[in-house]
Amino acid sequence: QLQLVESGGGLVQPGGSLRLSCTASGFTLDDHAIGWFRQAPGKEREGVSCISSSGYSINYADSVKGRFIMSRDVAKNTVNLQMYSLKPEDTAVYYCAADSSIRAAQAMCVVRGYLEVWGQGTLVNVSS
């Protein structure tokens, strides 16, 4: 069974940091494009950061550039999203997703529909 499990969400004050992790089971991440997506109440899903299947290219949404860092640990079959300088507008449920048919990071981040594997999501709440 193909599965992604996110962890690391929580409540943080504005300006704080959080690290999200996404661990795969049943498949290896290094032949899939991987993305972090978020969805806030009443808003459309947004591609936050995505990594190409090769691992050499990472794409970031303009809203998080310079504040978020995505990385992949092939040995642990895990991707991470380190988030700094968090803002209230970063509040959302964050999901990771994987797809073996997509190669490019940017192509992954702009997908609005189907992706092969989704995690269950983790809530990030930025509030004072």
Side-chain angles (χ1 to χ4, degrees):
Q1 183 180 0
L2 308 183
Q3 193 173 13
L4 291 169
V5 178
E6 300 100 337
S7 60
L11 174 64
V12 63
Q13 292 188 341
S17 301
L18 276 177
R19 180 182 172 91
L20 305 182
S21 294
C22 172
T23 300
S25 60
F27 68 104
T28 55
L29 292 176
D30 61 354
D31 62 355
H32 290 67
I34 310 297
W36 284 100
F37 298 82
R38 67 185 181 187
Q39 188 161 23
K43 294 189 177 181
E44 290 189 353
R45 188 179 78 197
E46 176 187 19
V48 174
S49 181
C50 298
I51 189 168
S52 63
S53 58
S54 68
Y56 292 124
S57 177
I58 298 176
N59 183 76
Y60 295 96
D62 288 343
S63 57
V64 306
K65 278 181 182 175
R67 300 189 298 121
F68 290 11
I69 301 173
M70 184 176 183
S71 60
R72 187 177 77 176
D73 188 331
V74 173
K76 294 182 179 179
N77 216 23
T78 296
V79 292
N80 300 300
L81 186 68
Q82 179 67 55
M83 305 184 293
Y84 298 101
S85 302
L86 283 161
K87 305 174 181 180
E89 51 264 43
D90 293 318
T91 295
V93 178
Y94 284 70
Y95 301 88
C96 64
D99 200 292
S100 62
S101 67
I102 298 173
R103 292 288 177 259
Q106 187 173 14
M108 182 68 175
C109 266
V110 300
V111 170
R112 290 290 178 263
Y114 171 80
L115 290 169
E116 289 178 346
V117 191
W118 284 93
Q120 83 286 356
T122 186
L123 176 63
V124 172
N125 187 358
V126 185
S127 175
S128 55

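Residue numbers run from 1 in the order of the sequence given.
Between M108 and D99, the closest heavy-atom pair is CE-N, 4.0 Å. For S127 against P14, the heavy-atom pair with the smallest separation is C-CD, 3.6 Å. The two residues A105 and S57 have their closest heavy-atom pair at CB-O, 3.5 Å. Considering every non-hydrogen atom in both S49 and C109, the closest pair reads C-SG, 3.5 Å. Shown here for L115 and A97, the closest heavy-atom pair between the two residues is CD1-CB, 3.7 Å. Here the closest heavy-atom approach between residue A98 and residue I34 is recorded as CB-CD1, 3.4 Å.
With hydrogens and angles ignored, the 3.5 Å screen pairs a side-chain donor or acceptor of R72 with a backbone N or O of S53. In this structure, S52 contributes its side chain and A104 its backbone to no donor-acceptor pair below 3.5 Å. Remark: the backbone N or O of V110 is not paired with any side-chain donor or acceptor of Q106 at under 3.5 angstrom. With hydrogens and angles disregarded, a donor-acceptor distance shorter than 3.5 Å links the side chain of N77 to the backbone of L29. For Q82 (side chain) and F68 (main-chain N/O), no donor-acceptor pair under 3.5 Å exists by modelled atom type. The backbone N or O of G121 lies less than 3.5 Å from a partner atom in the side chain of E6, making a donor-acceptor pair. With T91 contributing its side chain and V126 its backbone, the two residues share a donor-acceptor pair below 3.5 Å.
Cation-pi check for R45 over F37 is met; the charged atom lies under 6.0 angstrom from the ring centroid and within 45 degrees of its normal.
Residues V79 and D73 have side chains not in contact (no heavy-atom distance under 4.5 Å, counting atoms from C-beta outward). W36 has its side chain within reach of C22: a pair of non-hydrogen atoms, C-beta onward, lies under 4.5 Å apart. Here the side chains of M70 and I51 are in contact, with some heavy-atom distance below 4.5 Å. Between I102 and H32 there is no side-chain heavy-atom pair separated by less than 4.5 Å. Here the side chains of V12 and N125 are not in contact, with every heavy-atom distance at 4.5 Å or above. Considering only heavy atoms from C-beta on, V48 stays 4.5 Å or farther from Y60 through its side chain. Under the 4.5 Å side-chain criterion, counting only non-hydrogen atoms from C-beta, I58 is not in contact with C50. Between M83 and V124, the closest side-chain pair of non-hydrogen atoms falls below 4.5 Å.
Ring geometry for W118 versus Y95: interplanar angle over 60°, hence perpendicular rather than tilted (30 to 60°).
Distance check, rounded to the nearest 0.5 Å: OG of S25 to CG of L4 gives 7.5 Å. The distance from the OG atom of S54 to the CG atom of D31 is 11.5 Å, given to the nearest 0.5 Å. Taking CG of L18 as the start and CG of L86 as the end, the distance is 5.5 Å to the nearest 0.5 Å.
Between the side chains of D30 and T28, a donor-acceptor pair is found at a separation under 3.5 Å. Judged by distance alone, the side chains of R67 and Y84 never bring a donor and an acceptor atom under 3.5 Å apart. When only modelled atom types and interatomic distance are considered, S21 and T78 share no side-chain donor-acceptor pair under 3.5 Å. S63 and E46 are linked by a side-chain donor-acceptor pair at a separation below 3.5 angstrom, with hydrogens and angles left out of the test.
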(request) Check the pair R19 / N80 against side chain to side chain contact (heavy atoms under 4.5 Å, CB included), numbers first and verdict last. (result) CA-CA 7 Å; R19 180 182 172 91; N80 300 300; 3.0 Å; yes
(message) side chain to side chain contact (heavy atoms under 4.5 Å, CB included) for L20 and T122? Distances and angles first, verdict last.
(response) CA-CA 8 Å; L20 305 182; T122 186; 4.0 Å; yes
(message) Please determine whether side chain to side chain donor-acceptor pair (under 3.5 Å) holds for the pair S101 and E116, giving the CA-CA distance in whole Å, both sets of side-chain angles, and the decisive distance to 0.1 Å.
(response) CA-CA 9 Å; S101 67; E116 289 178 346; 4.7 Å; no
(message) For a side chain to side chain contact (heavy atoms under 4.5 Å, CB included) check, start with the C-alpha distance between V64 and R38, then their side-chain angles and the critical distance, and finish with the verdict.
(response) CA-CA 12 Å; V64 306; R38 67 185 181 187; 4.0 Å; yes
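Salt bridge annotation for K87-D90: absent, with no cationic side-chain nitrogen under 4.0 angstrom from a carboxylate oxygen.
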